[in-house]
Structures are given as C-alpha cells and as structure tokens.
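Hydrogens, waters and symmetry mates are skipped; everything else that's a heavy atom, side chains included, is used.
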Amino acid sequence: MKYHQINSALFVKNRRKFTAEMKPNSVAVFNSNDIYPVSADSTLPFAQHRDIFYLSGVDQEESILLLFPDAPYENQKEILFLKETNDHIAVWEGEKLSKERAFQVSGIRTVYWLQDFHKVLNEMMTYADTMYINTNEHYRATVETETREARFVKWWKERYPAHNVAKSNPILQRIRSVKESEEIDLIQQACDITEKGFRRLLSFVKPNVTEYEIEAELVHEFIRNRSKGFAYTPIIASGNNANVLHYIENNQQCKAGDLILLDVAAEYANYSSDMTRTIPVSGKFSDRQKAVYNAVLNVKNEATKMLAPGTLWKQYHIEVGKIITSELLGLGLLDKADVQNENPEWPAYKKYFMHGTSHHMGLDTHDYGLLHEPMKANMVFTVEPGIYIPNEKFGIRLEDNVVVQEKGEPFNLMRNIPIEVDEIESLMNQ
C-alpha cells in the first residue's frame, strides 16, 4: 500500500456498529476480492472488497473476516484468516501480513492462516443459528462475474442448509453511508490530492494538447502523493465529447476555443473523491460559455444548500429540477411553452440535464446508502449538475463533494479547488 496506515480504532468502531445490528447467535463472514486474470499469467491490479476493508482494514487478497459476537469464547468473537506468508512469497511478491501486523492493522487479536478456515467455521456453525451472507445489492450494481464472495455463499448454502440466512448488505448500506470523522479525513485527503492534480493541469492545458496527455499529468500528480491513481475511469472530454456522459476514450486533440469537461479524481487509502470541472482550452471562456458555466455553478451552489438531515433524495431532485429549469429559461434553451407542456415523467429540463445531481460517496465512488431513507449528518454526497448542448458542441458539469452537517450548510471537501470563472482563467494565463 502507498497510503499511511489507518488507526485500527476506526475498524474497531465499524465492527461494533455492524455487530450491534446482528441477530442473536449469528455469524457473519466477509471475503476479500479475487485477483482477476487477464490472459496467460497477467492479472488486473488487486482492489480490495470494500466491505472487508471497512470492517478490518485488511488490504490483501485471500483474506476472510468472521464475526460472531455471541460466540461462547472471547477469542471466537472476531477472527481473521490470512494467506500464510513464506520465504518464496516474500521474494517474489513481497511479504504478506503477519499475525502481529494484522492485529496492528485491524485491532483483531485472533488470526489464523487461511488453511484453518473450514475447520474453524465448522466449529462456529455448531454454535450459531444464523449466517449473515454478504451479497451486492447496490442500486447501480451489475455483476456478471462470479466473485469470491459469491462462490463462498454458494458453497456455504450447500454445506450448512439447516442454518437460517440473513443479509449483511442492509446493515452495511446504513452504517457505511454515515461516515466516522476518520473516514471524512481520508476522503478529504483524496480531495486534496485531486486538487493538486487539477492545479497542475491548469498550467499545462493549451490548444492542441491531447486528452490523454492531460490524463497523464493527473495520474503523475496523484501517484506522487500516495494515491494508487484514479478513483474511477477518468473522463477527459473536449468539445462535443462532453455531451457523451461517460466518455472515456480520452484520445482526441483539444482545439482552441473548445471547453474540456474533466470528471477526474484521486483515491486515497481506498476512499474516493469525485470531482468535475470544465475549463477552456485557450484559457478564456467565450461569453456564451461563461453564461452557461455560471448557470451550472448557480445550480450547484443552490443544490448544495438543500443537502440537510431529513431531506429525501427523490424530493431533493425535484427541487433541483426547478432551479435548473429556471436557468435554462434564462439561457434561452427552454421557453415557457416547453415547461407548460412537459411530461411530468421526463421534465423539459431533462433535454439538457439528464442525470442525477447527487449520490453517496466514500469507499466507493457511488457509495452505499439507501435512497428512500432521509439524509443524515456525516453522509457525504456529490453535487454535480450539468448542462449539455450538442448543437453548440459543448457541455458543462461541475461537481464537488460535501458532508451533510447536523446544522447549517454542508461542508465542502473541495472548497479549495478552483471553480469560479475568474480564478480558472487567471490560473490558466499565469
């Protein structure tokens, strides 16, 4: 790992929150992700399953966490299973976690090697009535690959058919969506690294630079600041490419007079940031570009104020729709007849702003959170309105990450990242 070690107290708190919601006499198991093959002996870089990381801090493949708060013996309440390291692994891959190091990372005293898992689990199952299985139920999830977690669930159901089954995900959706102060600090670090990358490219961008050269500048700055790189596949969309919402080719030349929509952000310690900025290739916005830009900025600022405890996500988006409609009328993109005759299921503003304004963020860029439940303090949301005008060959989106406060306006984790027109133009023309 490149990041500084996280205090294990965070993971101790997270486990306490989870086990407090478990049914009596129940066990929960969490698996690490696989290392996914590409071809021959090539693999994708390892990315830890966020749930086992959230509960243990273990950032290593072939790891398992078992929680059994009602276990008959104290040393059975929390157990880690790790891949046993040896001299061969140390030479070829680097040392894996030792039992003592695993305790320092996680705060878990009982650590076994992975080969003991089935024997220990069998003993736990003789004591327990219920097993919590960890299924992916995120509202955006589309999973076609069988994961290590899914293989375990299939095996467990065949091996222990007499036990009751419960789901970990509803508990995790709630507790992961409300951040501890340590988590907010880690997201802030990701945002600060993102700021460094953005400021770097403001002095780099000029006519005829390519989108992939901008990508290279960003990843250079991210990695040199202890990030693994991008929190998600970067969008560097110049000109009309900005009107493709998930444009990821990043292979075009940036032309004088065009805008570049940059949906790019760093991760830090597996926590995500999620930023969008739109900048002029030539260092100066045209009057029309500036007018649309400031309209989007106003929507972002007004939408941010609405993120408060008790707010319902669906109603919030209805209110944001009213603000964006007003701005589109002012820009001449809609007229009153468009609004009066709109389809309530697809309002007129959706022609120019077709995605949502906010989503939870944290360990995942689109993080856990139940959208039908009211917002709570210490939830972290994006705020990302946009206006996309294919006929004019540009699109503008602006995005910050904010923490919902118990009282007052949300706290902007990206408050230091330039966003005002004058500041962006000034920095690009120094």
Q: Do Asp70 and Pro24 have side-chain heavy atoms sitting under 4.5 Å apart?
A: yes
Q: Between Thr311 and Met306, is there a donor-acceptor pair closer than 3.5 Å when you use the side chain of the first and the backbone of the second?
A: yes
Q: Does any donor atom in the side chain of Asp192 or Gln188 lie under 3.5 Å from an acceptor atom in the other side chain?
A: yes
Q: Ignoring hydrogens and geometry beyond distance, is a side-chain donor-acceptor pair present between Glu149 and Thr147 at under 3.5 Å?
A: no
Q: Are the ring centres of Phe11 and Phe53 closer than 6.0 Å?
A: yes
Q: So do Val38 and Leu44 actually touch side chain to side chain, heavy atoms under 4.5 Å?
A: yes
Q: Determine whether the side chains of Asn250 and Glu215 contain a donor N or O and an acceptor N or O closer than 3.5 Å.
A: yes
Q: Are any side-chain N or O atoms of Asp258 and backbone N or O atoms of Cys254, one a donor and one an acceptor, separated by less than 3.5 Å?
A: no
Q: If you count every heavy atom of other residues, nucleotides or ligands that lies below 6.0 Å from Tyr3 atom OH, does the total exceed 12?
A: yes
Q: Give a yes or no on whether His372 atom NE2 has more than 12 heavy-atom contacts from other residues, nucleotides or ligands under 6.0 Å away.
A: yes
Q: Hey, what do you get for CG (Leu245) to CD1 (Ile235), rounding to the nearest 0.5 Å?
A: 8.0 Å
Q: Decide whether Glu137 and Gln173 meet the rule of one side-chain donor and one side-chain acceptor closer than 3.5 Å.
A: no
Q: Is Arg176 reaching over with its side chain to a backbone N or O of Gly362, donor-acceptor style, under 3.5 angstrom?
A: no
Q: Between His355 and Phe353, does the ring centroid distance fall short of 6.0 Å?
A: yes
Q: Verify whether one side chain among Glu123 and Gln76 offers a donor that lies under 3.5 Å from an acceptor in the other.
A: yes
Q: List the steps, then state whether side chain to side chain contact (heavy atoms under 4.5 Å, CB included) holds for Gln60 with Ser32.
A: CA-CA 7 Å; Gln60 181 174 294; Ser32 63; over 6 Å; no
Q: How long is the span from the OG atom in Ser272 to the CZ atom in Arg50, to the nearest 0.5 Å?
A: 6.5 Å
Q: Among Phe152, Tyr132, Phe18, Tyr54, exactly one meets ring pair (Phe, Tyr, Trp, His ring centres under 6.0 Å) together with Phe30. Which residue is that?
A: Phe18
Q: Are His359 and Phe381, when compared by the centres of their aromatic rings, separated by less than 6.0 Å?
A: no
Q: Any donor and acceptor pair, going by atom type alone, linking the side chain of Tyr232 with main-chain N or O of Val264 inside 3.5 Å?
A: yes
Q: Is the number of heavy atoms from other residues, nucleotides or ligands within 6.0 Å of NZ (Lys376) greater than 12?
A: no
Q: Going by distance alone, is a donor N or O of one side chain under 3.5 Å from an acceptor N or O of the other, for Gln48 and Asp59?
A: no
Q: Quickly, which of Asn412, Val383, Ile417, Thr382 forms a side-chain contact (heavy atoms from CB on, under 4.5 Å) with Asn401? Name it, please.
A: Thr382
Q: Answer yes or no: are there more than 12 heavy-atom neighbours, outside Arg415 itself, under 6.0 Å from its atom CZ?
A: yes
Q: Can a donor-acceptor pair be found, under 3.5 Å and without considering hydrogens, that links the side chain of Asp274 to the backbone of Thr365?
A: no
Q: Side chains of Glu319 and Gln315: donor-acceptor distance under 3.5 Å anywhere?
A: yes
Q: Looking at every non-hydrogen atom in both residues, tell me the closest pair between Pro309 and Ala377 and how far apart they are.
A: CG-N, 4.0 Å
Q: Do the non-hydrogen side-chain atoms of Met354 and Trp346 ever get within less than 4.5 Å of each other?
A: yes
Q: So, does His366 use its side chain to make a donor-acceptor pair with the main chain of Arg140 at under 3.5 Å?
A: no
Q: For the atom pair CG (Asp263) and CZ (Arg277), what is the distance rounded to the nearest 0.5 Å?
A: 10.5 Å
Q: Here's a test for you: under side-chain contact (heavy atoms from CB on, under 4.5 Å), which of Ile175, Val178, Leu363, Leu172 qualifies with Tyr368?
A: Leu172
Q: How about Ser238 and Glu211: does a side-chain donor come under 3.5 Å of a side-chain acceptor?
A: yes
Q: For Ile389, does its backbone N or O pair with a side-chain atom of Asn243 as donor and acceptor, under 3.5 Å?
A: yes
Q: Locate the shortest heavy-atom distance separating Pro69 from Ser26; write the atom from each residue and the value.
A: CD-O, 3.8 Å
Q: Which value, rounded to the nearest 0.5 Å, describes the distance between Lys2 atom NZ and Arg226 atom CZ?
A: 10.5 Å
Q: Does Lys77, at its NZ atom, have more than 12 non-hydrogen atoms belonging to other residues, nucleotides or ligands within less than 6.0 Å?
A: yes
Q: So, Asp367 side chain and Asp364 main chain: donor-acceptor pair closer than 3.5 Å or not?
A: yes
Q: Mark yes when over 12 heavy atoms from residues, nucleotides or ligands other than Lys206 sit less than 6.0 Å from its NZ; otherwise mark no.
A: yes
Q: Any heavy-atom pair between the side chains of Ile236 and Leu218 that's under 4.5 Å?
A: yes
Q: Would the distance check show the side chain of Trp313 and the main-chain N or O of Leu370 forming a donor-acceptor pair, the cut-off being under 3.5 Å?
A: no
Q: Which heavy-atom pair separates Pro418 from Leu427 by the least distance, and what is that distance?
A: CG-CD1, 3.6 Å
Q: Taking the side chain as every heavy atom from C-beta outward, state whether Leu371 and His360 have any pair of such atoms under 4.5 Å apart.
A: yes
Q: So which heavy atom on Thr194 is nearest to which on Phe222, and how close?
A: CA-CE2, 3.8 Å
Q: NE2 of His118 to CD1 of Ile64: how many Å apart, nearest 0.5 Å?
A: 7.0 Å
Q: Which is it for Glu146 and Lys154 under the salt bridge (Lys or Arg N to Asp or Glu O under 4.0 Å) test, yes or no, and what are the steps along the way?
A: CA-CA 10 Å; Glu146 186 176 55; Lys154 184 189 297 183; 2.8 Å; yes
Q: Looking at NE2 of His138 and CG of Asn169, how far apart are the two atoms once the value is rounded to the nearest 0.5 Å?
A: 9.0 Å
Q: Check whether any side-chain heavy atom of Ser63 sits under 4.5 Å from a side-chain heavy atom of Leu80, and report yes or no.
A: no
Q: Should we count CZ of Arg151 as having more than 12 external heavy atoms under 6.0 Å?
A: yes
Q: Let's go through Val403 and Asn378 carefully: what are the C-alpha distance in whole Å and the side-chain angles of both, what is the deciding distance for side chain to side chain contact (heavy atoms under 4.5 Å, CB included) to 0.1 Å, and is it a yes or a no?
A: CA-CA 6 Å; Val403 186; Asn378 291 333; 4.1 Å; yes
Q: Going by heavy atoms in the side chains, are Val58 and Leu65 under 4.5 Å from each other?
A: no
Q: Using a cut-off of 6.0 Å, state whether more than 12 heavy atoms not belonging to Lys196 lie near its atom NZ.
A: no
Q: Is the closest side-chain heavy-atom distance between Ile52 and Asn31 below 4.5 Å?
A: no
Q: Of all the heavy-atom pairs spanning Asn75 and Ile79, show the shortest one and how long it is.
A: O-CG1, 3.9 Å
Q: So which of Ile324, Thr325, Leu328 actually passes side-chain contact (heavy atoms from CB on, under 4.5 Å) with Val299?
A: Ile324
Q: Which of parallel (below 30°), tilted (30 to 60°) and perpendicular (above 60°) describes Tyr112 and Phe81?
A: parallel
Q: Identify the heavy atoms of Val27 and Ala128 that sit nearest to each other, and give their distance.
A: CG2-CB, 3.6 Å
Q: Step by step, would you call Glu327 with Asn298 a side-chain hydrogen bond (donor to acceptor under 3.5 Å, both in side chains)?
A: CA-CA 9 Å; Glu327 294 291 350; Asn298 184 56; 2.5 Å; yes
